[in-house]
Amino acid sequence: MKATFGQKVKTGIFTFAGLVLLIGGIFLIGKNKNMFGDTFHIYGTFRNVGGLQVGNNVRFVGINVGTVESIHIISDTLARVDMVIKEKAHPFIKSDAIANIGSDGLMGDKLIIISATSDNAVIIKDKGLIETVDPVDFGQVMDKVSRIADNAEVITEQLAGIATQINAGKGSIGTLLYSDKVAKNLEGSVDNLKQGTAGFSQNMDALKHNFLLKGYYKKKARAKEQQETIEQFKEDTTGQNLNKKEKRKAERKLKKELKQ
Amino acid sequence: MAQEIYIPSYKRVLEEAGNQVLFMFRFFRNIFRFDFEWNELVRQCYMIGYRSFPLVAITGFIVGFVMTLQAEPTMKEFGAESYIPRMVAVSLIREICPVIIALICAGKVASGIGAELGSMKVTEQVEAMEVSGANPIQYLVVTRILACMFMIPLLNIAAEGLGLLGSYAGINIGEHVSPVLFFNKAFTSITFGDLLPSFIKTVFFGFAIGFVGCYKGYNSDRGTESVGIAANSAVVNASLWIIVMDAIAVQLTNALGY
Amino acid sequence: MKEETKTEHTTADNGPVISIKGLAKSFGSNTVLQDINMDLHKEENLVILGKSGTGKSVTIKCIVGLLAQDKGQIKVFNEEVSTLSEDQLKELRIRIGFLFQSGALYDSMTVRENLEFPLRRVLKLRDKSDIDKRVEEILEGVGLPDAIDKMPSELSGGMRKRIGLARTMILKPEIMLYDEPTTGLDPITSKEISELIQSMKTNYHVSSIIITHDIACAKITADRILVMDSGTIVAEGSFDELEHSKDKLVNSFFK
């Protein structure tokens, strides 16, 4: 049976769409691997690449600017890592920049971090060598950790000694915690303080009744009362739907009364 | 009357294998014959590719969607939710989509070809074509196998794309992730070493589907029930071929370092 | 024209077009043909009578090379069929028409596409108007000009046979092989088909082998009849001769 025109068109569209998807995928992968667009190459040598793999990211100021292109062993102690970097990042990477190997999160991939050291150096050359810092070796980390643990042991031993002395009531802290004498002295001081404050409040009462200061205290009490009345009134009027004029009138009236 | 000849089963297996190899030779010889059946190829591409698309699209989307939802609790436990797009993308493209789509197409396409050619064989249409001097292998077999080889990879690509879309939908049930971030993450982990073997693999899966379907249909016996047998054994054998080929492919890609 | 060169006569005018000597064929342990000897002459209708399963169909399938014989010679146009290369066999098959029992129409195609199929693929015709002309002409010949755009599933058994015949005759073969042309048809349609076979001989000058167990068909079509039983030919003669045969088996066909 002959393929009809509609079938041909549908097949054509389907094939075309599939190919577009395929090419789109290839392009996206290539874009992530810096296969398209302008790039330049640099390389660095490391004693230990710490599990870095071809295709890992290269970061500069925290931005992915390239990928690891290849890793070769060049001698019994050195590995050469070639990187492809986007041309856009080229002007910012200087010849004295330093590359080191880090990792992305706790269970993340390894990556190369390029960090700048100065502003005035010249821009790094294409296919140029970049200085490197070897990544922290896990063995070294363990070494440090064990030294820290040793120190901690010494410190805890000493602390334990101090604690036993305190328990035995030796030294000033020991006396403070374990002798009754100090506590009794403190009780006596508190009693004295109580008596002192009672006397002070009597003095203040006497002052209020003194005629010179009587007016001041009276005024203060009236102002407080006035304020309360206004607030009371406001509460009343907001509940009802009085018009503004009446409200203002009533307010003025009330204020007059209070002034007298 | 001649004596009943007993044929041991291993000889039958060898005979079957030999027949398949001969059939394969006939197929390859007829590809490069004069008068290629372009029109029939396009029609078969329509039947095999376009007509299977809805099924494949739904499957691809749901596989991506379900994988994401299944992976989420476990990945959350490890605090590695941001790895879901990468994980789903790599597993979809390397393994799950090629195999699932091929198996689905084995069910849909291989059985269809097996039944169609089987019924043509039973009703003597294949022989009629042969005795009229036309070339049934060229017209019926070459077009179908080639259409499978072109269309199954395309269907697979479509399913992979839709699978990623499904995964994106799955992630967005729980939280909001922008599509740019999702696809960026998904594609950072995919390399050509993932895409290319997967693509080549599906071409071979397509060949297996078309070839087994055609072989079983073309060599079906007389009688109506043999049409059913042809369709059924086409599906079973094509699925088996796909699984075995997949096992070989993974060894090959690993050996080649992809 | 291309097909003119292909259908050119290459045989001597006097000799038989098909000559079979000592043909034997078995499937596994089942011997179907033991020793078949026969000749088909030019412009002759040869009817092979026999019960079902006596190897009549196997014989004509051997003639077109669909099955390979175990023993014996099959010469068509003086060429041994089993020694032909694939291309030579294809050339030969163009000159032989084969009508299958069921008609064997390609059921995914319309009648027109069925008829165009051999024209485009065997004769490699490309000219649309030429193809249309031939299709209409042959449909006229089998008396079904209206069926041109129908699907095979819409046709009756007799119509399918006619279209099947048309598809075979469209290549203008020199030899026609009919495999049970009237099986499964009612007597009236059977008679029509038999008359059609007869008219093919007079109109297109073909030599034919007609396999049947239908005596009515044999009566209309036969110039000569062979009677076959269990892989051998047991009787030969004209319809009248065999009708009065004393042989029990031969006689049973004519009752």
Side-chain angles (χ1 to χ4, degrees), chain A residues 1-37 52-59 62-72 83-86 103-112, chain B residues 37-54 56-57 60 75 78-80 82-83 86 89-90 92-93 116 139 143 147 150-162 164-165 180 183-196 198-199 202 257:
Chain A
M1 200 212 255
K2 268 195 216 166
T4 62
F5 181 70
Q7 288 178 347
K8 282 181 189 170
V9 169
K10 282 173 185 166
T11 313
I13 291 170
F14 175 72
T15 311
F16 182 73
L19 288 176
V20 164
L21 209 60
L22 178 67
I23 291 163
I26 288 173
F27 182 77
L28 269 175
I29 293 170
K31 203 180 143 210
N32 271 308
K33 299 284 168 280
N34 298 314
M35 279 178 182
F36 309 109
L52 188 76
Q53 284 180 326
V54 171
N56 278 146
N57 285 325
V58 178
R59 267 186 201 166
I63 300 165
N64 290 334
V65 292
T67 51
V68 172
E69 195 183 27
S70 64
I71 301 170
H72 302 287
M83 297 162 246
V84 198
I85 316 280
K86 282 178 193 159
S103 67
D104 193 4
L106 193 62
M107 49 185 294
D109 291 329
K110 292 285 171 190
L111 48 79
I112 289 188
Chain B
E37 301 278 353
W38 287 108
N39 210 314
E40 179 66 9
L41 179 70
V42 170
R43 197 177 78 91
Q44 288 304 326
C45 284
Y46 172 79
M47 302 296 281
I48 291 164
Y50 186 84
R51 286 282 189 85
S52 306
F53 179 70
V56 163
M75 297 295 265
F78 290 110
S82 68
Y83 281 78
R86 303 185 202 186
V90 168
L92 278 185
I93 286 171
E116 193 185 1
Y139 182 77
T143 51
F150 295 146
M151 287 297 125
I152 304 296
L154 282 182
L155 286 171
N156 177 49
I157 294 281
E160 283 167 357
L162 285 159
L164 287 179
L165 218 60
V180 176
F183 284 100
N184 211 352
K185 272 188 175 170
F187 276 99
T188 43
S189 55
I190 305 166
T191 62
F192 288 123
D194 297 321
L195 195 67
L196 198 69
S198 146
F199 189 79
T202 50

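Numbered from 1 within each chain, the chains take letters A, B, ... in sequence-line order. Everything quoted here is computed from the prediction, not taken from an experiment.
- No other option in A:N57, A:N64, A:I26 has as many heavy-atom pairs under 4.5 Å with chain B as A:I26.
- Atom OG1 of A:T15 and atom CZ of B:F150 lie 10.0 Å apart (nearest 0.5 Å).
- The distance from atom CZ of B:F199 to atom CG of B:L154, rounded to the nearest 0.5 Å, is 6.5 Å.
- Both the backbone and the side chain of A:L19 come within contact range of chain B, with heavy atoms under 4.5 Å apart.
- When heavy atoms are compared at a cutoff of 4.5 Å, B:I190 approaches chain A by way of both its backbone and its side chain.
- With values rounded to the nearest 0.5 angstrom, B:L164 atom CG is found 6.0 Å from B:L92 atom CG.
- Note on residues 150-161 of chain B: pairs passing side chain to side chain donor-acceptor pair (under 3.5 Å), not counting sequence neighbours, are B:N156-B:E160, B:E160-B:S198.
- Residues forming a salt bridge (charged side-chain N to carboxylate O under 4.0 Å, His left out) with B:R51 (at least two apart in sequence, or on another chain): none.
- Using a 4.5 Å cut-off between heavy atoms, B:F183 does not touch chain A at all.
- Per-residue counts of heavy-atom pairs under 4.5 Å with chain A were compared for B:L195, B:I157, B:N184, B:I93; the largest is that of B:I157.
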